[in-house]
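Residue numbers start from 1 in every chain, and the chains themselves are labelled A, B, ... in the order their sequence lines are given, proteins ahead of strands. The figures here come from the full heavy-atom set of this structure, side chains too, leaving out hydrogens, waters and symmetry mates.
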Amino acid sequence: MHIYRTHNCGELRGTDCGKQVKLSGWLHRKRDLGGVMFITLRDNYGVTQLMAAPGSQVYSDFDKIRVESVVTIEGSVISRGTNINREMPTGEIEVEVNTVTVQSAADVLPFQVADEDNAPETSRLTYRFLDLRREKLHKNILLRAKVIASIRRRMTEMGFNEFQTPILTSSSPEGARDYLVPSRLYPGKFYALPQAPQQFKQLLMVSGFDRYFQIAPCFRDEDARADRSPGEFYQLDVEMSFATQEDVFAHLETLFYGLFTEFSSWDVTRPQFPRIPYEEAMRKYGVDKPDLRYKLEIEDVSDIFAASDFNAFKSIVEGGGVVRALCVENVADKSRKFLKDLEDYSRENGAKGLASLIFAENECKGSLAKPLSEATKTALRQKFNAPDNSGIFIVADSADKASVILGKVRIRLADELDLREKNAYRFCWIVDFPMFEKDEETGATQFSHNPFSMPQGGMEALMTKDPLTIKAYQYDIVCNGIELSSGAIRNHLPEIMYKAFEIAGYDNTVVDEKFGGMIKAFKFGAPPHGGIAPGVDRIVMLLANEPNIREVIAFPMNQNAQDLLMQAPAAATEKQLKELHLKITE
RNA sequence: GGAUCGGUAGUUCAGUCGGUUUAGAACGCCGCCCUGUCACGGCGGAGGCCGCGGGUUCGAGUCCCGUCCGAUCCGCCA
């Protein structure tokens, strides 16, 4: 007999009755009834009930063993008779224990493992190995493993090859703050951890590998959010040669539809996913990552107010501003506080105010009920085809601000009124991002996304058009209001690259310096190529239906980028510092 | 860097308008009882610098100021 186990803890069934078995695992719970004791034993595979018979040696043995200790037991499988537990896969049987051996005793726990109570996050991170034993987190991490295995299989089946790229590399010129690693051999010089393997994957395309993917670690020294782990995260990094934007979309839609239907019973957007131009997304939803589980689209009502005698808004339209609005149902019975909170929220987000018009059954309420003429109210109501008890919320401002503010109101209304479609993953592509934008402070033209994207219209567009009107082959994929990734068809032509940088205010030497490796490669025959890099952590978050990214990462850092279990970051020794030619100041 | 919310037993929380003796409950821990439990049940016990520092007050867990810690958001994230 194996020294630890003949079966795992999720395995035994009624048909195993009579067998002598050995099990190993964690002591999950004890139920001591005085004469007889029931113990549940847990491992990765499940839970099995053990029974210590009245007056037996093992009864007093178990009495002394604390929960979460690791034990090996030997005993015989017996039927539970009339006491079958239908909730447990192993519920038909129990193991009558003959001997129990403690492999490792557990101290008193800082929080309960068997109870999924909400232990404080700090303790959960400090004792992450205990938290990972708990059912929910354990399942999430196993889900992550399965999702990644499925991604690898699906990508390989679609003809992609998996590559590894360097972790110690050079600092990338734009984007997030880098993590630097001091060089021992070269005093004063540093490696940087990659923010993404962007240039390497493009170089692999130039090397003729045609289709690349990698579950790639990415390192960015930026502050955390609920859906953004500080320090490091994983991307499904993808790149394709001789591919158009539509080719990238088709492959990713196949992947995402397959992946999400494999791991969830929720309804998933069928390919093709909707494609929404950036400008339209900003106008209709006020964000570039719309949650399509609810409609609530923002409409422009400038013309209605231009034709009205309501001077406050009329003058804004005449001054070049806009009036925009959204219409939401079933708000007539909401309290005054509801409206006030919504207006305060708008002001916090930069609005001068949030006007409202509410169509209760017999009367019109809201801040615009009195000042507006009947004709204007009717026009607004017709615009939205607004039913009884619905309300229209209105912002008058510049075109940029009005929709953005209403976009926030839109999300808040969805939260408060529970408007989101249940059990659904709603995907879309956001396309046609602008190539350049104006810096709010300096007025200078700068890249709005990344400098690697191909401008739509190519060189001709760069030479002839107003840079601020040029769009890029740059796209995002969004699911349920979460941005999973940006991607682009890349600029593989050095002369267009130089020109694009010139427009953004950099001369050729800057390009040669910053992107030396890549620009050199592009001068020796580069295929047109493009790709994308969806966040693996966020994909698992969506599939596990978790609101926080730490729930799908085995060993996450806290919000302040500390690893409470491993005590990182930590001080370096004098010897280490000396070897690295570093001196700590202050 | 900024904003909001929070910090009371190992853990989750309650603690009223600032005033009733010794700051409570549940889970956990320790002890006793209990022969069919499924989060077993019952009885008893230990466990608290009410995050820390200052202030207001006859009196502060409660109010004020500062500070530290945590979560969430803004900035930041090519």
Side-chain angles (χ1 to χ4, degrees), chain A residues 28-40 47-56 59 63-64 66-68 78-88 90-91 94 96 106-127 130 135 171-178 194-196 198-199 218-233 235 344-345 348-350 408 411-412 433 435 437 446-453 472 474 483 486-488 490 501 504 514-515 533 535 547-550 558-562 564:
Chain A
H28 188 62
R29 285 184 203 280
K30 290 196 282 186
R31 290 184 287 275
D32 183 356
L33 275 65
V36 66
M37 193 189 319
F38 297 101
I39 302 102
T40 44
V47 174
T48 299
Q49 176 163 293
L50 312 178
M51 191 268 279
S56 63
Y59 182 90
D63 190 45
K64 299 182 192 79
R66 211 176 267 130
V67 290
E68 292 308 311
I78 57 176
S79 169
R80 287 213 215 170
T82 54
N83 296 309
I84 285 175
N85 185 343
R86 306 260 171 221
E87 308 285 303
M88 298 170 73
T90 61
E94 63 196 5
E96 182 171 2
D107 276 347
V108 173
L109 302 166
F111 55 83
Q112 298 308 299
V113 171
D115 292 320
E116 297 271 325
D117 60 1
N118 29 352
E121 183 114 35
T122 306
S123 304
R124 293 179 54 205
L125 292 172
T126 308
Y127 298 92
L130 290 181
E135 191 180 1
S171 175
S172 76
E174 281 185 73
R177 229 172 271 119
D178 285 312
Q195 295 182 20
Q198 182 68 33
Q199 294 191 58
C218 302
F219 305 90
R220 295 177 193 174
D221 187 1
E222 297 296 344
D223 292 338
R225 287 290 181 276
D227 64 352
R228 203 166 81 206
S229 197
E232 55 187 84
F233 61 98
Q235 285 182 340
D344 289 346
Y345 181 73
E348 282 164 28
N349 284 288
K408 309 239 186 202
I411 292 169
R412 190 175 161 116
F433 278 84
M435 183 83 189
E437 65 186 15
Q446 58 185 20
F447 288 111
S448 70
H449 255 77
N450 80 51
F452 307 109
S453 306
Q474 165 90 43
E483 182 196 318
S486 277
R490 319 296 173 186
F501 272 86
K514 286 182 166 180
F515 307 105
N548 191 299
I549 203 160
R550 290 186 294 274
N558 68 5
Q559 186 174 228
N560 297 319
Q562 297 166 306
L564 297 178

If you check the A/Arg228 side chain, which of B/rC73, B/rG75, B/rC77 turns out closest? B/rC77

Any idea which of B/rA39, B/rC27, B/rU11 is nearest the A/Gln112 side chain? B/rC27

Roughly how many Å apart are [M] and [N], using the [atom1] atom of each and rounding to a whole number?
N      : M      : atom1 : value
B/rU16 : B/rC34 : P     : 43 Å
B/rG24 : B/rG45 : P     : 13 Å
B/rU20 : B/rG6  : C1'   : 30 Å
B/rG7  : B/rG51 : P     : 8 Å
B/rG2  : B/rC17 : P     : 33 Å
B/rG54 : B/rG42 : C1'   : 49 Å
B/rC32 : B/rC13 : C1'   : 29 Å
B/rA25 : B/rA9  : P     : 14 Å

Which residues pass the side chain to side chain donor-acceptor pair (under 3.5 Å) test with [X], not counting sequence neighbours?
X        : value
A/Thr40  : none
A/Gln235 : none
A/Ser123 : none
A/Arg31  : A/Gln49

Where the chi angle of B/rC17 falls, syn if within 90° of 0 and anti if not: syn

Please answer whether the main-chain N or O of [Y] pairs with a side-chain N or O of [X] as donor and acceptor at a distance below 3.5 Å.
X        : Y        : answer
A/Glu68  : A/Leu109 : no
A/Thr90  : A/Val47  : yes
A/Arg412 : A/Tyr345 : no
A/Asn548 : A/Arg550 : yes
A/Arg86  : A/Gly91  : no
A/Arg490 : A/Phe452 : no

Between N or O atoms, less than 3.5 Å apart, protein on one side and nucleotides 69-71 of chain B on the other: list the pairs.
| from | atom 1 | to | atom 2 | distance (Å) |
| --- | --- | --- | --- | --- |
| B/rG70 | OP1 | A/Asn560 | ND2 | 3.2 |
| B/rG70 | OP1 | A/Gln562 | OE1 | 3.4 |
| B/rG70 | OP2 | A/Asn560 | ND2 | 2.9 |
| B/rA71 | OP1 | A/Gln559 | N | 3.3 |
| B/rA71 | OP2 | A/Gln559 | NE2 | 3.1 |
| B/rA71 | O3' | A/Arg550 | NH2 | 3.3 |

OP1 or OP2 of B/rC30 sitting under 4.0 Å from any side-chain N/O of A/Arg66? yes

Salt bridge (charged side-chain N to carboxylate O under 4.0 Å, His left out) filter on A/Glu96, not counting sequence neighbours, yields none

Could you state the [atom1]-[atom2] distance from [X] to [N], rounded to the nearest angstrom?
X        : N      : atom1 : atom2 : value
A/Asp115 : B/rC13 : CG    : C1'   : 15 Å
A/His449 : B/rC77 : NE2   : P     : 12 Å
A/Phe111 : B/rC29 : CZ    : P     : 15 Å
A/Glu483 : B/rC77 : CD    : C1'   : 10 Å
A/Arg29  : B/rC27 : CZ    : P     : 13 Å
A/Asp107 : B/rG10 : CG    : C1'   : 12 Å
A/Gln235 : B/rA78 : CD    : C1'   : 11 Å

For A/Asp227, which residues count as a side-chain contact (heavy atoms from CB on, under 4.5 Å) partner, sequence neighbours excluded? A/Arg225, A/Arg538, A/Met541

Taking only residues two or more places apart in sequence, or in another chain, which ones meet A/Thr122 in a side-chain contact (heavy atoms from CB on, under 4.5 Å)? A/Thr126, A/Leu564

In this structure, are over 12 heavy atoms from other groups packed under 6.0 Å from A/Tyr127 atom OH? no

So what is the 5' to 3' dot-bracket string for RNA chain B, if pairs are Watson-Crick or G-U wobble with both distances under 3.5 Å, crossing pairs use [ ] and | means the partner sits on another strand? (((((((..((((.....[....)))).(((((.......))))).....(((((..]....))))))))))))....

Just to be sure I understand the rule, does A/Arg225 reach a base, reach only the sugar-phosphate, or reach nothing, if contact means heavy atoms closer than 4.0 Å? base

For A/Ala196, answer base if it contacts any base atom (sugar-phosphate contacts may also be present), sugar-phosphate if it contacts only those atoms, and nothing otherwise; contact means non-hydrogen atoms under 4.0 Å. base

Donor-acceptor pair under 3.5 Å, A/Arg220 side chain vs B/rC77 base: no

Could I get a table of every N or O pair under 3.5 Å where one atom is in the protein and the other is in nucleotides 4-6 of chain B?
none

Pick the nucleotide of RNA chain B nearest each of A/Val108 and A/Ser123; which residue has the one closer to the 5' end? A/Ser123

Looking at residues at least two apart in the chain, or sitting in another chain, which of them share a ring pair (Phe, Tyr, Trp, His ring centres under 6.0 Å) with A/Phe433? A/Tyr278, A/His449

Where along nucleotides 31-38 of chain B does protein come under 4.0 Å, by heavy atom, of base (B) or sugar-phosphate alone (S), with - for untouched nucleotides? ---BBBBB

